[in-house]
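Order of the sequence lines sets the chain letters (A, B, ...), proteins ahead of strands, with each chain counted from 1.
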Number of protein chains: 2
Amino acid sequence: MSIAAFAEQAVTSADKTFLQLRVDIVEGAIPAGSKLSETELSTKYQVSRAVIREAINRLESCHLVERKANVGARIVSLTPEGLIQLYQVREALEGMAARLAAKNMSDEEIADLTALLDNHFQTVKDGESYYQEAGDLDFHYRIILGSKNQHLIEVLVNGIYHLIRMYRVQLGMAGPRVTTAFDEHKHVVQAIANRDEELAEMLMRRHILYSKNNIERKLLQS
Amino acid sequence: MSIAAFAEQAVTSADKTFLQLRVDIVEGAIPAGSKLSETELSTKYQVSRAVIREAINRLESCHLVERKANVGARIVSLTPEGLIQLYQVREALEGMAARLAAKNMSDEEIADLTALLDNHFQTVKDGESYYQEAGDLDFHYRIILGSKNQHLIEVLVNGIYHLIRMYRVQLGMAGPRVTTAFDEHKHVVQAIANRDEELAEMLMRRHILYSKNNIERKLLQS
DNA sequence: GTTAGAAATGATGTCGACAATATAGGGGTT
DNA sequence: AACCCCTATATTGTCGACATCATTTCTAAC
């Protein structure tokens, strides 16, 4: 499973606390906008304040919390504009990722990706749409990794994707569009298989743009 | 001066140490690839190890240093591939920034930007090419800010630009190309003034791509 | 009653010391 | 001589205590 490749292993205590806190924030166990008290968290997680501070610092570099000197840290507040801006960055970066993937992925990786899509197609056809989000993630992650660009990978995987997931969970949005998105995935993979960098980027950008428009529509409804 | 808007003010001791360390790293006072010993730095900068640790953590989130658990932190090592990859990310992000700037900049901001370019043109015509790098920075910063996209601004201003500067200084590259770059800037601004998002993005991407090609050529020479 | 200022409270920032881990060096064996 | 293991050393990770700052609350003056 290629997603398992991202399972960051926590060696130090601060690592564990950071990962735990990130889950709690992204999944909404700690509500958005709330204050992160160091003393409070240190008793809650049974670690020293230094560990909590380090964890909070890392959360800040993920843009999940904002910190003000001598005041403290708050979880970022979610706004529709914030999500739109996030998708704009995502469009630019994943578009470039698709372009680079078309250039840099090995034939074997492309074959794997194609197989993944076929597999995905079966589950969609069988109506098991609950696998859909994991499949979508796997698709995007493989292309991001396929870019072989460390900066791109870092920003997307460790930064933007957690934020997007936080928005998804907390704004109560369902997973991505199921049926139409699949065709878009297929076309992107075809472009990559054809080593057509230009088209791969264009299709990926359009795919994410559609996703953004879809989200905007849902946001306006509620 | 719009660049002054980025002068992050250090309130805490960790802030000052972070900013100082960042300068020392980017400007090469501490050589690339070298180890950052916490005890050593704490005596050198006359602050406690906790402060140093926090500063190093922030440097890590800027991708200026890499840290391994129970081992320590090292300044990132510079490779030609790394610089290329950095420019790929920059191309994607600043392209999007130009697109958004064409949409979101106010008429007044655009007028200021045009004035800046005219000013810049005078200095270039007078042969004062030593002002060129600051002018180039100002141009790019205004467009990035003009995007009004917080994520974009954060990643570019606090992340990528420091790394690029580090590469410039340490690989001994001169500032950006002087004469041809000016025309490219002019065309980007015209596209923004015309609110032509598509063209603004395309021209900005091309501008950065040229820059990248120029750098690649220089790297191969040496 | 309102406001300005000062004390009290609680938080974050900083520090030095201890614990746990990685690395280097020495001693012994094959 | 090469290799492994054990010890010594130095570095990082973690902790609790103190200093410093922001905020709240009380008091006093107008």
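With rounding to the nearest 0.5 Å, the separation of CD in A:Gln9 from CG in A:Leu19 is 10.5 Å. Between the CD atom in A:Glu201 and the CD1 atom in A:Ile192 there is a gap of 11.5 Å [rounded to 0.5 Å]. In this structure, CG on B:Asp138 lies 5.0 Å from CG on B:Leu116, to the nearest 0.5 angstrom. Remark: B:Asn149 CG to A:Gln88 CD distance equals 5.0 Å, nearest 0.5 Å.
Between the P atom of C:dT12 and the CD atom of A:Glu66 lies a distance of 16 Å, rounded to the nearest Å. When rounded to the nearest whole Å, the span between CG of A:Asn57 and C1' of C:dT12 equals 12 Å. In this structure, B:Lys16 atom NZ and C:dG13 atom C1' are separated by 11 Å, rounded to whole Å.
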For nucleotides 5-9 of chain C, which of its nitrogen or oxygen atoms have a protein nitrogen or oxygen under 3.5 Å away, and what is each distance?
none

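Between the side chains of B:Asn213 and B:Tyr87, no donor-acceptor pair is found at a separation under 3.5 Å.
Counting only Watson-Crick and G-U wobble pairs whose two key distances fall under 3.5 Å, DNA chain D forms stems of three or more stacked pairs at C:1-30 with D:1-30.
For residues 151-171 of chain B, the pairs satisfying ring-ring contact (aromatic ring centres under 6.0 Å, His included) are B:Tyr141-B:Tyr161, with sequence neighbours left out.
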For B:Glu66 and B:Arg74, what are the C-alpha separation, side-chain angles and deciding distance, and is it a side chain to side chain contact (heavy atoms under 4.5 Å, CB included)? CA-CA 5 Å; B:Glu66 288 168 346; B:Arg74 308 190 76 85; 5.6 Å; no
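B:Ile164 places a side-chain heavy atom less than 4.5 Å from the side chain of B:Ile160.
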With sugar-phosphate taken as primed atoms, P, OP1 and OP2 and all else as base, the protein-contact string of nucleotides 7-19 of chain D at under 4.0 Å (heavy atoms; B, S, -) is ----SBBBB-B--
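The salt bridge (Lys or Arg N to Asp or Glu O under 4.0 Å) check on B:Glu54 picks up A:Arg53, B:Arg58, with sequence neighbours excluded.
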Sequence neighbours excluded and cut-off under 3.5 Å, please list the side-chain donor-acceptor pairs for residues 27-36 of chain A, or say none.
unit_1	atom_1	unit_2	atom_2	d
A:Glu27	OE2	A:Arg165	NE	3.0
A:Glu27	OE2	A:Arg165	NH2	3.4
A:Ser34	OG	A:Pro31	O	2.6

